[in-house]
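Quantities reported herein were computed from a predicted structural model and do not represent experimental measurements.
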Amino acid sequence: MYETSARPTWDEYFMMLAKLAATRSTCLAFPVGAVIVKDKQVVATGYNGSPSGTAHCISQGFCYPGLESCDASSTLPSRAVHAEANAIAQAAKHGISTEGATIYVTLEPCLSCLKLIISAGIHEVFYETTFNNGNNAIVRDSFIKDGLVTLKQIHISEATAQKAANFLLNPISIKR
């Protein structure tokens, strides 16, 4: 019998999908995944990595020649397109409106992505890991105060994570 107590909440479900999207990341610094949801339906996903048509950092083993990771330089910008931007671009590419949607991201959006999210009509952000601090947090908080966006940090429960891992590691669509 299926145990409903281990059934993920909607927020856990969509965050797990964002985490799965992050497995496609081509970034050497750290993987990030994003899922845009509207009416409890996934409308687009994205992960961070170099722009389409360019060499993947993980394939060439570096971001720039002599620089093993983009975050190892204080002067060179990251080559990666962020997960949120890729998800919004995918929705736009396929003619899907993001007005009124929610986004789930494994990492709190940077200010550039947060502005893009707001401009795309997404007003609710769920994230797993904190990113912004200092002046960036002040700007982020001003967007929240102005009612442009809400942000909420969430985590997947241990029971849900364990069940998901079991589902990923073993065949599940078999007669019990």
Full working for side-chain contact (heavy atoms from CB on, under 4.5 Å) between Val149 and Val125
CA-CA 7 Å; Val149 67; Val125 178; 3.8 Å; yes
Shortest non-hydrogen separation from [X] to [Y] and the atoms involved:
X: Pro109; Y: Ile117; result: CG-CD1, 3.7 Å
X: Ile122; Y: Ala101; result: CG2-O, 3.4 Å
X: Ala85; Y: Cys113; result: N-SG, 4.5 Å
X: Asn48; Y: Ser25; result: OD1-OG, 2.8 Å
X: Pro31; Y: Ala22; result: CB-O, 3.4 Å
X: Cys110; Y: Glu84; result: N-OE2, 4.4 Å

Do [X] and [Y] belong to the same hydrophobic cluster, where Ile, Leu, Val, Met, Phe, Trp and Tyr are linked whenever their side-chain heavy atoms lie under 4.5 Å apart, directly or via other members?
X: Ile154; Y: Trp10; result: yes
X: Leu148; Y: Ile88; result: yes
X: Tyr104; Y: Ile96; result: no
X: Phe14; Y: Met16; result: yes
X: Leu114; Y: Ile103; result: yes

Basic-acidic side-chain contact under 4.0 Å: Glu124, Lys152
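The answer is no: the pair does not qualify as a salt bridge.
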Quick one: do Glu128 and Lys19 make a salt bridge, cutoff under 4.0 Å?
yes
CA sep, side-chain torsions, deciding dist, call: Glu158, Lys163, side-chain contact (heavy atoms from CB on, under 4.5 Å):
CA-CA 9 Å; Glu158 178 133 356; Lys163 183 173 184 176; over 6 Å; no
Keeping the roles fixed (side chain from [X], backbone from [Y]), state whether a donor-acceptor pair exists under 3.5 Å.
X: Lys38; Y: Glu99; answer: yes
X: Asn86; Y: Tyr47; answer: yes
X: Thr160; Y: Ile156; answer: no
X: Glu12; Y: Ser157; answer: yes
X: Ser142; Y: Val139; answer: yes

Would you say CG of Asn170 has more than 12 non-hydrogen atoms from neighbouring residues, nucleotides or ligands within 6.0 angstrom?
yes
Audit row: Thr106, Tyr127, side-chain contact (heavy atoms from CB on, under 4.5 Å) steps and yes/no:
CA-CA 5 Å; Thr106 59; Tyr127 66 93; over 6 Å; no
Assess the residue pair Leu107 and Phe30 against the criterion (side-chain contact (heavy atoms from CB on, under 4.5 Å)); give the C-alpha distance rounded to whole Å, side-chain angles, the decisive distance to 0.1 Å, and a yes or no.
CA-CA 10 Å; Leu107 181 66; Phe30 48 88; 3.4 Å; yes
With a 4.5 Å limit on heavy-atom distance, are the side chains of Thr54 and Arg79 in contact?
yes
Minimum side-chain heavy-atom gap Tyr13-Arg7 below 4.5 Å:
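No, their side chains stay 4.5 Å or more apart.
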Test side-chain contact (heavy atoms from CB on, under 4.5 Å) applied to Asn132 and Thr130, Asn135, Asn136, the passing residue
Asn136
Please identify which of these residues, Leu151, Thr129, Ile36, Val32, meets the side-chain contact (heavy atoms from CB on, under 4.5 Å) condition with Val105.
Val32
Working to the nearest 0.5 angstrom, can you tell me the gap between Cys27 SG and His56 NE2?
12.0 Å
Working to the nearest 0.5 Å, report the span between CG of Leu116 and CG of Leu111.
12.5 Å
